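Working notes, beginning with the structure itself.
Residue numbering restarts at 1 for every chain, and letters A, B, ... go by the order of the sequence lines. Since we're looking at a predicted model, the values are computed, not measured.
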Amino acid sequence: MSISTKYNPKEVEKKWYDSWMQRGFFHSEPNPNKEPYTIVIPPPNVTGVLHMGHMLNNTIQDVLIRRARMQGKEACWVPGTDHASIATEAKVVAMLKEKGINKSDLTREEFLKYAWEWKEKYGGIILEQLKKLGASCDWDRTRFTMEDDLSAAVIEVFVDLYRKGQIYRGVRMVNWDPQGQTALSDEEVIPKDTMAKMYHLNYEVVADGAAEPTYITVATSRPETIMADVAVAVNPNDERYKHLHGKSVRIPLLGKEIPVILDEYVTIEFGTGALKVTPAHDLNDYELGQKHKLPTIDILNNDGTLNELAQLYVGQDRFAARRNIVKDLQEAGLLVKIEEYASVLQTSERTGAVIEPRLSMQWFCKMDKMAQPALEAVMNDEIRLHPPKFKNMYRSWMENVRDWCVSRQLWWGQRIPAYYLPDGSFVVATSDEEALKLARKESGNEQLQMEDLRQDEDVLDTWFSSWLWPISVFDGFKDPDNKDILYYYPTNDLVTAPEILFFWVARMIMAGFEFRNEMPFKNVYLTGIVRDAQGRKMSKSLGNSPDPLDLIDQYGADGVRAGMLFSSPAGNDLLFDEKLVEQGRNFSNKIWNAFRLIKGWEVDESLSFPNETAVKWFDSRFNEAFVQIEDHFSKFRISDALLSVYKLVWDDFCSNYLEMIKPAYQQPIDKQTIDHTIAFLEKVLKVLHPFMPFITEEIWHDLKERKDKEYLIVSAWPKKEKFDKAIIEKMENVLNVVGSIRNVRNSKNIPNSKQLDLYIKVMKQESYEPFLGIIRKLANLNELQFVEESIDGAISFIVAGDEFFIPMEGNIDVEAERERLQKELEYTKGFLISVDKKLSNERFVSGAPEAVIANERKKKADAEAKINAIEQSLASL
RNA sequence: GGGGUGUUAGCUCAGCUGGUUCAGAGCACCUGCCUUACAAGCAGGGGGUCACUGGUUCGAAUCCAGUACGCCCCA
């Protein structure tokens, strides 16, 4: 035989991927005769490289899309990339720095030129990597969130929302990243648990005639912000501070006088019960300040250094300033003590810098109105989240949704289409021309020129383009009634990570209802995070993330795909272990060898058909498993679906069916058996194909001559068929018999090659007759006959109430055998007692359903028969 | 602090409407096999008080309450 004993994925994968591409199997066009099935890819960052998370996510999407394609649906998987403004800009800035260029020395246009060059050169590698995985995306439809049409959609949406009053400009407390020098959305801020210090500072109470100065002690974690203090707040019910109501205090070092205000917001027990109010640098203080109509003093520059308003430590970084002021306070005797306490530090997801709550002028998008339909759609299961446990999280987020800060102080992205007039007012427009027209109209100044207008410097948050993705990839903004969007939208399934449920998924749902009055997708499958075997997140610094392409190289794409899916139920983190991928590869090999076996048989047409029972059984078994597989798919239990296929292939098809029909060495096989077997293998390949596309396509073609477009990838998915439950159950018993015989061999050290005899004492001989050949073959038997009486001097066992005897030619260990039987007898007796107890319970008999009672009766009868049989065997020993 | 969610074999997890799918799977482990499809394999096997406590029920891994521990989200 010339076929390799090991499956070799390398050339196979390339060959079939190219072949699929050439024949256009991935490409989709609207087809009114077919049901559409659509997935839009969560666009990876254009700067990204494939990591394990992508592997899992895209394998699942590919499984779904391939199955749909085989089901005869018009399957369309739209790929693309995201411009990822912060991440990409950071990479370009770093690249320029290496060349000795500072971003601040460049104009916006110069910088963008570099950025585009960089994107053209390094961007989109990830899409090429996805091809190695076997992703059957419609590459003709590849989109990029910053390409012209998609940017135009973003601008159009911005203008539209602005005109609807949904977008506004305002001073707000934002999360400021002093390193990236941009505002961040709440979702881009990562809280980190740390130990922080609480400084207790003395504020002098403004002289009220007392000879000695008196103080109030204020606790703060940020002493460097005291120069921005505008008040000290205490709880009006706090007895300790009653004497200070209506008084003022002096800021330490600065000496500035500020009022003591009263508010029940202050927790009496926390710190000293006295709170310094610094509206410019803390969200809660800001709200307190608003309430009490206090001024705000912002003492920080964009880069986190102190400005002139601070008066002290001007120009120093906030952390340096903190060290210095603590020292000075100490020297001035105003620092009472320092306490350690556990606190949460807000950091930037991108740069890791400590976030500065800061007042700044930003653009916001109102969320509350848009959140309504988006919330309802999920709560009433119009859009289903898998697993549904995420519904609660989704609801609590949507019910407490806050306005979305959409502006970013960056250059890489869609520039905010607001144009400022010389008088400081502004207009919002989709183009320069329109802006000028509007500006002239609104200012009444027809002399205004384009040069008089200044466009906002900021760009929009990346998510402001990705929330439109399911619509914009089909040009639903440019041309709202085009045939693609009408056909493919709403899409079917979205596969993504739970950490972007709010960033992205929720906003896409909002955009769907806002701009098309329709949900963007019907199902959201939430994957878990891929972690290492110890449960740690995969990260570059830990070096615990394998390179996916190396894995593919080593184990084959099919092996990796199967390995990823073996243990990743929806919503659960995947603890990745290379063992899983190894298992996937071994599975490939198993399938390969099954194919080799079948391919190697000579057919002799003159032979009769000896395998009717085996064929009938596997046919039923396949259909039984198939119903299960379909059920798993319908509930998005992808791992379970794969495991069902795995067991069907390995246990049922290979270990059992093929062993049953396998002719003796170098003997030919009959025509009927081989035909059935090939048909079975084809069906098995079909259900396997979504998971392991390459090896299945390879075998499909090696098995038979195929016509030009007769590919597995576009073959028809099996249909659910009726199956014979009785033959499956009977075979289970038969395989138990075989297993018991093998067990006897094992425990008695009887080699496989030595034939044994078997005597069967059963109630219904005819029920066993069709299976005798199978038992003989799988257990390697010589004599095989039915008997009426128990056989002396034999090892016996019982399966489903029937007795089986293997004569042992006298070398039977009577004591051991007696002990074994005695043990089994005791167990069965105990079992009978428990069943009897149940059945004699009046309330059980009257309360339980008929089927359950019947079952208990059957258990009782079986147990009694078994006890009887064991006792006889014991007697005959 | 509020909310969510989980705890089942050494590990990762199934277990759906309470009862034959009820204590399961895969991996790991142990024993024996180089049996001409496959040692990346074959055959067999040992592992669990279903976190704890109580309740509901004829019957609880499954429903309810509390406790402990873990994780997630929000403040």
Side-chain angles (χ1 to χ4, degrees), chain A residues 1 3-7 186-187 191 267 283-284 344 387 389-397 399-400 402 498-499 501-502 528-529 531 533-535 555-556 559 563 566-569 571-577 579-580 582-601 628 631-632 635 637 639-640 642-644 646-647 650-651 654-655 658-659 662 664-666 729 732 738-754 778-780 834 837-849 851-856 858-859 862:
Chain A
M1 180 174 304
I3 315 170
S4 158
T5 160
K6 297 231 185 331
Y7 169 62
D186 293 340
E187 291 78 9
T267 311
L283 181 59
N284 295 315
V344 179
K389 68 176 177 185
F390 288 105
K391 264 169 84 170
N392 281 324
M393 254 170 70
Y394 181 86
R395 184 180 58 201
S396 64
W397 192 78
E399 283 174 349
N400 301 299
R402 286 200 269 164
E499 61 240 58
L501 188 57
F502 310 127
I529 298 167
R531 298 172 178 278
Q534 284 114 59
Y555 298 99
F566 274 133
S567 178
S568 47
N572 273 32
D573 287 356
L574 164 65
L575 268 62
F576 181 81
D577 191 327
K579 281 237 159 69
L580 289 169
E582 206 173 293
Q583 194 188 343
R585 179 211 45 192
N586 293 355
F587 187 35
S588 302
N589 208 40
K590 185 72 187 177
I591 299 159
W592 183 247
N593 278 297
F595 156 70
R596 280 179 59 227
L597 176 67
I598 294 168
K599 187 72 183 171
W601 285 328
Q628 221 178 69
D631 184 52
H632 286 319
K635 290 166 183 152
R637 296 185 191 142
S639 285
D640 290 332
L642 172 60
L643 218 53
S644 293
Y646 180 83
K647 282 191 257 187
W650 202 303
D651 299 342
C654 294
S655 295
L658 288 179
E659 292 300 331
K662 188 158 96 178
Y665 180 54
Q666 289 194 332
E729 277 167 15
E732 248 162 54
V738 172
S740 300
I741 299 167
R742 286 170 174 170
N743 193 3
V744 169
R745 277 187 193 280
N746 245 304
S747 57
K748 304 282 173 219
N749 272 322
I750 304 167
N752 247 334
S753 49
K754 184 173 190 291
L778 296 192
N780 191 22
S834 80
K837 216 165 125 194
K838 239 186 211 181
L839 280 169
S840 59
N841 182 336
E842 187 54 41
R843 299 184 30 199
F844 170 72
V845 179
S846 58
V852 174
I853 296 169
N855 222 321
E856 291 302 316
K858 185 169 177 294
K859 278 188 196 167
D862 286 352

*Can you measure from CZ (A:Phe502) to OG (A:Ser396) and round to the nearest 0.5 angstrom?*
6.0 Å
*Start at the 5' end of RNA chain B and walk down; is the nucleotide closest to A:Ser747 or to A:Leu580 reached first?*
A:Leu580
*Given B:A39, B:A37, B:A43, which nucleotide is nearest the side-chain atoms of A:Leu658?*
B:A37
*Taking all non-hydrogen atoms of both residues, which atom of A:Lys754 and which atom of A:Arg745 are closest, and how far apart?*
O-NH1, 2.7 Å
*B:A51 to B:G6 separation - C1' atoms, rounded to the nearest Å*: 11 Å
*If you take all heavy atoms of A:Ala779 and A:Ile741, which pair is closest and at what distance?*
CB-CD1, 3.7 Å
Can you pull every protein N or O that's under 3.5 Å from an N or O on nucleotides 29-36 of chain B?
| unit_1 | atom_1 | unit_2 | atom_2 | d |
| --- | --- | --- | --- | --- |
| B:U36 | O2 | A:Tyr665 | OH | 2.5 |
| B:U36 | N3 | A:Tyr665 | OH | 2.7 |

*Ignoring the backbone of A:Lys635, work out which of B:A37, B:C16, B:A43 is nearest its side chain.*
B:C16
_Protein-nucleotide distance (A:Glu582, atom CD; B:G26, atom C1'), rounded to Å_ = 14 Å
_Separation of the C1' atoms in B:A14 and B:A23, to the nearest angstrom_ = 12 Å
*Would you kindly give the NZ-to-C1' distance between A:Lys748 and B:G44, to the nearest whole Å?*
14 Å
*asked:* Syn or anti for B:G47? Use the chi torsion, O4'-C1'-N9-C4 for purines and O4'-C1'-N1-C2 for pyrimidines, with syn inside 90° of 0.
replied: syn
*Looking at A:Lys579 and A:Glu582, does any basic side-chain N land under 4.0 Å from a carboxylate oxygen?*
no
*Answer yes or no: is there a donor N or O on one side and an acceptor on the other, between the side chain of A:Ser644 and the main chain of A:Gln628, under 3.5 Å?*
no
*For B:U53 and B:U31, measure between their P atoms and round to the nearest Å.*
37 Å
*Evaluate the criterion side chain to side chain contact (heavy atoms under 4.5 Å, CB included) for residue pair A:Ile529 and A:Glu499; output intermediate values, then yes/no.*
CA-CA 9 Å; A:Ile529 298 167; A:Glu499 61 240 58; 3.7 Å; yes
*Is there a donor-acceptor pair under 3.5 Å between the side chain of A:Asn743 and the backbone N or O of A:Gly739?*
no
*asked:* Dot-bracket, 5' to 3', for RNA chain B please: Watson-Crick or G-U pairs under 3.5 Å, [ ] where pairs cross earlier ones, | where the partner sits on another strand, dots elsewhere.
replied: (((((((..((((.....[....)))).(((((.......))))).....(((((..]....)))))))))))).
Interface polar pairs with nucleotides 58-62 of chain B, N/O, under 3.5 angstrom:
| unit_1 | atom_1 | unit_2 | atom_2 | d |
| --- | --- | --- | --- | --- |
| B:C58 | OP1 | A:Arg843 | NH2 | 3.4 |
| B:C58 | OP2 | A:Arg843 | NH2 | 2.7 |
| B:C58 | O5' | A:Arg843 | NH2 | 3.4 |
| B:C58 | O2' | A:Asn841 | ND2 | 2.8 |

*Can you tell me how far CG of A:Leu778 sits from NZ of A:Lys662, rounded to the nearest 0.5 angstrom?*
10.0 Å
Atom pairs and distances, donor-acceptor, side-chain atoms in residues 584-591 of chain A, under 3.5 Å, two or more places apart:
| unit_1 | atom_1 | unit_2 | atom_2 | d |
| --- | --- | --- | --- | --- |
| A:Ser588 | OG | A:Gly584 | O | 3.3 |
| A:Asn589 | OD1 | A:Tyr7 | N | 3.0 |

*Have a look at B:U62 and give me syn or anti from its glycosidic angle (syn if within 90° of zero).*
anti
_Rounded distance in Å - CD1 (A:Ile529) to P (B:C72)_ = 8 Å
*If you look at every strand shown and take non-hydrogen atoms under 4.0 Å, does A:Lys647 touch a base, only sugar-phosphate, or nothing?*
sugar-phosphate
*Determine the Euclidean distance between corresponding P atoms of B:G26 and B:C69; express it in Å to zero decimal places.*
35 Å
*asked:* For a side chain to side chain contact (heavy atoms under 4.5 Å, CB included) check, start with the C-alpha distance between A:Gln583 and A:Phe566, then their side-chain angles and the critical distance, and finish with the verdict.
replied: CA-CA 9 Å; A:Gln583 194 188 343; A:Phe566 274 133; 3.9 Å; yes
_Stepwise ring pair (Phe, Tyr, Trp, His ring centres under 6.0 Å) test for A:Tyr394 and A:Trp397_ = CA-CA 5 Å; A:Tyr394 181 86; A:Trp397 192 78; 7.7 Å; no
*Contact check, side chains of A:Lys6 and A:Asn593, non-hydrogen atoms, under 4.5 Å*: no
*Give the intermediate values and the outcome of side chain to side chain contact (heavy atoms under 4.5 Å, CB included) for residues A:Leu575 and A:Leu580.*
CA-CA 10 Å; A:Leu575 268 62; A:Leu580 289 169; over 6 Å; no
*For B:G46 versus B:C30, give the span between their P atoms, rounded off to a whole number of Å.*
16 Å
*asked:* With a 3.5 Å cut-off and heavy atoms only, can you find an N or O donor on one side and an acceptor on the other between the side chain of A:Lys579 and the base of B:C27?
replied: no
*Separation of B:C38 P from A:Arg596 CZ (nearest whole Å)*: 6 Å
*Select one nucleotide: of B:C38, B:A43, B:G41, the one nearest the side-chain heavy atoms of A:Thr5.*
B:C38
*Start with the C-alpha gap between A:Arg742 and A:Asn752, add the side-chain angles, then the distance that decides, and say whether side chain to side chain contact (heavy atoms under 4.5 Å, CB included) holds.*
CA-CA 8 Å; A:Arg742 286 170 174 170; A:Asn752 247 334; 5.6 Å; no
*Figure out the CZ/C1' separation between A:Phe587 and B:A37, and round it to whole Å.*
15 Å
*C1' spacing across the pair B:G48 / B:A28, given as an integer number of angstrom*: 16 Å
*Determine whether any donor atom in the side chain of A:Glu659 lies under 3.5 Å from an acceptor atom in the base of B:A37, or the reverse, and answer yes or no.*
yes
*Atom CZ of A:Phe502 to atom P of B:A75: distance rounded to whole Å?*
11 Å
*Using only side-chain N and O atoms of A:Arg585, determine if any of them is under 4.0 Å from OP1 or OP2 of B:A40.*
no
*What integer distance in Å separates A:Leu642:CG from B:C13:C1'?*
14 Å
Can you tabulate the close N/O pairs, meaning under 3.5 Å, that link protein atoms to atoms of nucleotides 2-11 of chain B?
| unit_1 | atom_1 | unit_2 | atom_2 | d |
| --- | --- | --- | --- | --- |
| B:G4 | O3' | A:Asn392 | ND2 | 3.4 |

*asked:* I want to verify a distance call: between B:G26, B:A37, B:G15, whose nearest atom is closest to the A:Ala594 side chain?
replied: B:A37
_Proximal nucleotide (of B:G15, B:C38, B:C27) relative to the A:Arg637 side chain_ = B:G15
*What integer number of Å spans the P atoms of B:C50 and B:C72?*
28 Å
*For A:Trp592 and A:Thr5, which heavy atoms make the closest approach, and how far apart are they?*
CD1-O, 4.2 Å
*For RNA chain B, whose closest nucleotide is more 5', that of A:Asn400 or that of A:Asp640?*
A:Asp640
*Separation of the P atoms in B:G24 and B:G19, to the nearest angstrom*: 15 Å
_Going by the rule side chain to side chain donor-acceptor pair (under 3.5 Å), which residues pair with A:Asp631 if we only count those two or more places apart in sequence or in a different chain?_
A:Lys635
*Under a 4.5 Å cut-off applied to non-hydrogen side-chain atoms, are A:Leu658 and A:Ile598 in contact?*
yes
_Rounding to an integer number of Å, can you tell me how far A:Arg745 CZ sits from B:G44 C1'?_
12 Å
